[in-house]
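Encoded as structure tokens, the structure appears first; notes follow it.
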Amino acid sequence: MTGHDGLLPQFLQIKETYILPNGDVVFVGHKLHTVRHIAHLSAYEILIFNEEGISSYDALIDHHPLLLHKVKVAGIETLVVRMRYDLTDAA
């Protein structure tokens, strides 16, 4: 999780990892747009943007990798990210 927009978490789909000469770790990938929270799945519906995003390891709010899942919600296939814990516990 790279941050939040005040209400919903923001994610980055990592494509490359770099270790800089000073030892800092930087991730490069596609920004994920969080559409909404789906309470009964304890997951966030997301869209993959074709926009590049960059984040340092130190800037991550949560460094645990999360998986993208394809699910059907109301008969429509969508991508979701399931958190490993309730975000209200992370505050």
Side-chain angles (χ1 to χ4, degrees):
M1 190 166 83
T2 61
H4 60 82
D5 66 2
L7 297 174
L8 297 170
Q10 297 174 336
F11 303 98
L12 181 70
Q13 185 180 31
I14 297 170
K15 296 295 180 186
E16 297 176 322
T17 302
Y18 297 98
I19 300 175
L20 304 180
N22 65 0
D24 288 349
V25 178
V26 177
F27 302 108
V28 177
H30 296 290
K31 288 184 178 180
L32 302 180
H33 173 70
T34 307
V35 177
R36 66 185 173 120
H37 181 254
I38 304 172
H40 70 279
L41 295 177
S42 296
Y44 291 92
E45 180 180 356
I46 60 98
L47 297 173
I48 299 175
F49 280 176
N50 206 10
E51 181 180 344
E52 191 172 82
I54 299 173
S55 181
S56 70
Y57 178 85
D58 293 336
L60 297 177
I61 291 175
D62 182 8
H63 64 277
H64 294 95
L66 301 171
L67 299 175
L68 285 174
H69 301 277
K70 285 185 183 180
V71 298
K72 282 193 176 182
V73 177
I76 299 170
E77 191 171 274
T78 189
L79 292 172
V80 299
V81 173
R82 292 196 66 215
M83 301 300 294
R84 295 177 187 256
Y85 51 83
D86 186 343
L87 282 180
T88 57
D89 295 340

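Heavy-atom basis, side chains included; hydrogens, waters and symmetry copies ignored.
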Out of curiosity, Leu47 CG to Leu32 CG, how far, rounded to the nearest 0.5 Å?
-> 9.0 Å

Shortest non-hydrogen contact from Val28 to Ile54?
-> CG2-CG1, 4.2 Å

Name of the residue among Val80, Thr78, Val81, Leu41 meeting side-chain contact (heavy atoms from CB on, under 4.5 Å) with His69 | Val80

Sequence neighbours excluded, every pair satisfying salt bridge (Lys or Arg N to Asp or Glu O under 4.0 Å) that has a member inside residues 42-56 = Lys31-Glu51, Arg36-Glu45

With Leu79, which residues qualify under side chain to side chain contact (heavy atoms under 4.5 Å, CB included), at least two apart?
-> Ile46, Ile48, Lys70

Validation: residues 17-24 side-chain donor-acceptor distances under 3.5 Å, sequence neighbours left out:
| from | atom 1 | to | atom 2 | distance (Å) |
| --- | --- | --- | --- | --- |
| Tyr18 | OH | Glu16 | OE1 | 2.7 |
| Asn22 | OD1 | Asp24 | N | 2.9 |
| Asn22 | ND2 | Asp24 | OD2 | 3.1 |

Taking ring pair (Phe, Tyr, Trp, His ring centres under 6.0 Å) as the test, write out the residues that go with His33, two or more places apart.
-> Phe49

How does the hydrophobic cluster around Leu67 look, that is, which other residues are in it when side-chain heavy atoms under 4.5 Å mark a link?
-> none

Please assess Phe27 against Leu60 for the test side chain to side chain contact (heavy atoms under 4.5 Å, CB included), listing each intermediate value before the final yes or no.
-> CA-CA 10 Å; Phe27 302 108; Leu60 297 177; 3.7 Å; yes

Got a sec, which residues hit ring pair (Phe, Tyr, Trp, His ring centres under 6.0 Å) with His37, two or more places apart in sequence or on another chain?
-> Tyr44

Where do Val71 and Ile38 land on the side chain to side chain contact (heavy atoms under 4.5 Å, CB included) test, with the steps shown first?
-> CA-CA 11 Å; Val71 298; Ile38 304 172; 5.6 Å; no

Heavy-atom side-chain proximity of His30 to Asn50 below 4.5 angstrom | yes

